[in-house]
Amino acid sequence: MVVAGNSITKKMFRNFIFILCCCLLFSCSTEPQQKIKVASKPKIEVPPFNADSAYYFVEKQVSFGPRFLSSNGWKNCAIWLEKKLKTYTPNVIVQEAPIITYDGKNHTLKNIIANFSPKKNNRIVLFAHWDSRHIADHDTKNQEAPILGANDGGSGVGVLLELARQFSNKNPNIGVDIILFDAEDYGQPENSGFPIMQDSWCLGSQYWSKNPHKASYFARYGILLDMVGAKNATFRHEQISSYFGSAILQKVWRKASHLGFGNHFVFEDAKQIIDDHYYVNTITGIPTIDIIEYDPATENNFNKHWHTHKDDMDNVDKNTLNAVGQTLLEVIYHE
Ligand SMILES: [Zn+2]
């Protein structure tokens, strides 16, 4: 009995261990199923930026010649830009306004505006200037002759036209407006001989900021592109952009660095530049940053060919256009 009793106790003990093991195994194998499932974010497909296409758009603008207010190149380029944008969206507006420049001349400026998903309240806005400088005041020769402005003017518009083409293929979730400002570069040169005119630069953005194309227009934020095409160009945290749009700067620079464009988008501060974003920020209140080349090696920290006759197609590089364009696509399609 003792033996029997003992053997029953052993059997019971073995059964107990067996059941315990089963329980442990069961609990182990079922543990993952008992976890609360976290909904995985749907993967967002960001289209690849086509730098060849952007380059072609720059080349096309330059083919019209210099594009300063009222010039032939300006007239023909405006017609082409409007037509081109209309192939990507039916919502294109050309905003016209009479202006007087520092030299006392009367012109009619044209801001060219394209809207994607215009009914969405959740929007962002992208800017560039489409005019080119009417003089070469930083060249050593032919200073009175107008420049081609391939990088200064052409490059920003080229990138935005390629983005417009992408939006027409696949709408981003967010509404986007593309605004091409006129008369950014008709500012008063030093020693012009004319009386000093305040705010003589950025006439198109000043006008639009005071008279937006739509009543009570607002966007969550804005990004301005200016001189975004030169070989090995670097972009830094320009002071006005940091002041008004620090979070946007961080977002864009982080995205760029994540994509491997840290060689172009450098996490360093740069001095303030009065560009179109200054007027957009101070007049409309839309926080807007400027992606603009900063060259530590030049006296004015702009590209070495800035406002010279060398700002031609040789000054435009597809790698730089791609870094800027792909970064913007990543930012926009993740909104
Ligand atoms: Zn310029």
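First listed ligand is number 1; within each ligand, the first listed atom is number 1. For the single chain, residues carry numbers from 1 onward in sequence order.
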Decide, counting backbone as well as side-chain atoms, whether [X] has an N, O or S atom less than 2.8 Å from the Zn ion (ligand 1).
X: E184; result: no
X: H307; result: yes
X: D226; result: no

Check your understanding: What do the steps show when you test W253 against F265 for ring pair (Phe, Tyr, Trp, His ring centres under 6.0 Å), and what is the final call?
Key -> CA-CA 6 Å; W253 260 247; F265 288 79; 5.0 Å; yes

**Study point:** Nearest to the Zn ion (ligand 1) - the N/O/S atom of D152, by atom name
**Key:**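 Nearest N/O/S atom of D152: OD2.
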
**Study point:** Identity of the N, O or S atom of D185 lying closest to the Zn ion (ligand 1)
**Key:**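 Answer by atom name: OD2.
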
Practice item. Using the salt bridge (charged side-chain N to carboxylate O under 4.0 Å, His left out) rule, collect all pairs that involve residues 306-329, keeping only residues at least two apart or in two chains. Key: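 Sorted result for residues 306-329: D52-K318.
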
Check your understanding: Side chains of E238 and S241: do they bring a donor and an acceptor to under 3.5 Å?
Key ->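 Yes, because at least one side-chain N or O of E238 sits under 3.5 Å from a partner of the opposite role on S241.
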
Check your understanding: Taking S205 as the fixed residue, which of F127, Y278, F181 is the one that meets the side-chain contact (heavy atoms from CB on, under 4.5 Å) rule?
Key ->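 Answer to the side-chain contact (heavy atoms from CB on, under 4.5 Å) test with S205 among F127, Y278, F181: F181.
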
Practice item. Could you give me the CA-CA distance, side-chain angles and deciding distance for H129 and D276, then say whether side chain to side chain donor-acceptor pair (under 3.5 Å) is met? Key: CA-CA 8 Å; H129 73 87; D276 290 317; 5.8 Å; no

